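Let me begin by presenting the structure, written as structure tokens, before commenting on it.
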Amino acid sequence: MANEYLVEVSHLKQYFPIRSGFKTIPLKAVDDVSFNIRPGETLGLVGESGCGKTTVGRTLLRLYKPTDGTVTFNGTEVTDKNIHALRKEMQMVFQDPYSSLNPRMTVEDIIGEPLDVHKLYSTRAERHEKVMELMETVGLNADHATRYAHEFSGGQRQRIGIARALAVDPKFIVCDEPVSALDVSIQAQVVNMFEDLQKQRGMAYLFIAHDLLVVRHISNRIAVMYLGHMMEMADSKELMDHPIHPYTESLLSAVPIPDPKTARSSQRIVLEGDVPSPLNMPTGCPFRTRCKYATDQCAAQRPELRDRGNGHFVACWNR
Amino acid sequence: MAKDLKRAPFSAQVDLSKFHMEDFDQATEEEKRQQEVMGESTTFFKDGMRRLRRNPLAMGSIVVLILIIAVCLLAPKIVPYGYADIMKGSNNLGPFEYSAAELAKIDAGEEVFPHIFGTDSLGRDYFIRVVYGARVSLGVGIFASLLVLIIGLLYGSISGYMGGRVDMYMMRVVDIIYSLPDMLLIILLAVVLNETLAPKIQGTVLAKLGVNMISLFIVFGLLYWVSMARLIRGQILTIKQNEYVLAAKCIGTSTPRIIRRHILPNCLSVIIITTALQIPSAIFTESYLAFVGLGVSAPMPSLGSLANEARGGLQTYPLRLFFPALTICLIVLALNLLGDGLRDAFDPKLSR
Ligand SMILES: Nc1ncnc2c1ncn2[C@@H]1O[C@H](COP(=O)(O)OP(=O)(O)OP(=O)(O)O)[C@@H](O)[C@H]1O
Ligand SMILES: [Mg+2]
């Protein structure tokens, strides 16, 4: 097998320079994050608001230039030189369906733009036909092609954004909280659509969400982030049933349990204190300020993400 | 629906637990389609034009401007006098008065075109001079504004889009230019160019325009674009934050295309409005310079130089100041009201 993984992210860092007075201090939005995604697989990425999930997705796609680290797609390292061609393979669905569509463009032009940019048609008629096909794929009414984005509901807008990402027929899509701006009733529809599309086209997803409830259906594996760091990564079921990291435990205890028979014995764990500012990170383990198991070692040294067997990765000294 | 909807007491909510699936009918295709019905599709432009048409001041201004422009274009074809034609014996006539020679012609049965605004002290038809003056003023206003627009647009969009360090240096340049005294520069430049440039352009089209006008354009090109550049940069900085710009980048859209397709259309309204408001300010500058003697070269009139010439005989011939002054007022007022109307129509957020 040439390469087992479609996307390999290793030691990715993204520091934003923040100017305060005369100094510039780095805001460590993503600090040393590594993960791999197989073809056709879905990796769920969860974490609290502001922990750097969006930044991981955007840096991975080189919408931001990484401070350090590499991203490899299909065996080739992504660089500024080859990124243009790779944009046909990797796409993104954005978090906010309201600001991710240009209000001065019709739906047809929004979905047709990737076709324009990569010259994927020879005649106007072919372009129109392709756009119609895409609209049908995501369940949009073809009559709406000449309308402007502001005339649509949130769910419909997100479908337009998905059609735009699908236009180049990518192998990998970063779905950045594609449903968190939508009504609960519509969330399920859109998540189901993502699943159907994956079955039809065999795409891989990095599916970002801020709670486990949304990702656990769609993901094969789940990664948990905290303050720009990866805390735990394992198969979906394994992570849900046997969380190791105390942060994952607390996240899971907040998820309502649908079936009382499988109810976990543990009580709901409420974290104390606030998330520290990414400008002023704690030394060592980023979670230690809120962790009940924290020891001196946690403050002295950052735990590495280590395999605990069966591809269950955890970054913790004590568990 | 079979059963009546029962509400819990004290609650507006229907208690759904009292119903079974069978109580509900499936929605027909027709009913489903009704849910999809959307309002009439309106584009941003159509919407703005509708609001503009409802604004009487703006519509009045458009009518006034169209009239003025029509007169400017047609009058030289209809009126048989040139702006520099001196008619012996016709000096200082009042509106619709005729000189002795012209009266004799009329008696002989010839048609003589009336002097609508009278004549000036040299015997030139004043109406045609005011018309040419308005042409010069409008031309200067429009060209200077276009110049400002092009330079400001290029500079502002590059600065805003690049951001960071590039933006910082480009904006410091703007700050420096902002602090230069513009009037002083125009006057100095006009004097210097008069010495150096005047002999070189003798006999070309530029000579007709006059060195003063050239220096006016140069100064507009050098100095006046800064506020336009600042405005466009500010707009672009906010528009750049929108995820659709990032989405375009993600698709692989090139930077020029992103600016053209995604950023500029979204600040177009501000650009149009500011340009419309820039024209009267350029006209004012030109009139002011002409009034202090730095306008177009004689005998070409401009509204400002006409007003300046009228100053001498103000006591005896007050109408000669009145006509060019009225024309300036009409043009500037109409453009300002139109600009305000455009702003209200296309950028509702900006108005109060
Ligand atoms: N362009 C930027 N410049 C500076 N700081 C940034 C930038 N983008 C993000 N940040 C900071 O990086 C951190 C991570 O942000 P990010 O948007 O990746 O979080 P997130 O996990 O996606 O949160 P959410 O769930 O709210 O979307 C935040 O502290 C944010 O303020
Ligand atoms: Mg986010």
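Since this is a predicted model, take the numbers as computed values, not measurements. In what follows, every heavy atom counts, from backbone to side chain, and hydrogens, waters and symmetry copies are set aside. Numbered from 1 within each chain, the chains take letters A, B, ... in sequence-line order.
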Looking at chain B, which one of [options] has the largest number of heavy-atom pairs inside 4.5 Å, strictly under?
options: A:I110, A:L61, A:L101; value: A:L101
options: A:I83, A:N102, A:V117; value: A:N102
options: A:M90, A:Q95, A:K88; value: A:Q95
options: A:H118, A:M92, A:R164; value: A:R164

Around atom [atom1] of [X], are there more than 12 heavy atoms from other residues, nucleotides or ligands closer than 6.0 Å?
X: B:F143; atom1: CZ; result: no
X: B:M162; atom1: CE; result: no
X: A:E126; atom1: CD; result: yes
X: B:R172; atom1: CZ; result: yes

*Knowing that exactly one of B:K249, B:R257, B:R261 qualifies, which makes a salt bridge (Lys or Arg N to Asp or Glu O under 4.0 Å) with A:E113?*
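Only match with A:E113 under salt bridge (Lys or Arg N to Asp or Glu O under 4.0 Å): B:R257.
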_Which atoms of A:D109 are under 4.5 Å from chain B, going by heavy atoms: the side chain, the backbone, both sets, or neither?_
side chain
*Mind checking the CG-CD1 spacing from A:D116 to B:I251? Nearest 0.5 Å is all I need.*
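Separation between the atoms: 9.5 Å.
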*Just how far is it from atom CD of A:Q91 to atom SG of B:C250, taken to the nearest 0.5 Å?*
4.5 Å
*At their closest point, which heavy atom of A:S100 faces which heavy atom of B:A247, and how far apart are they?*
O-CB, 4.2 Å
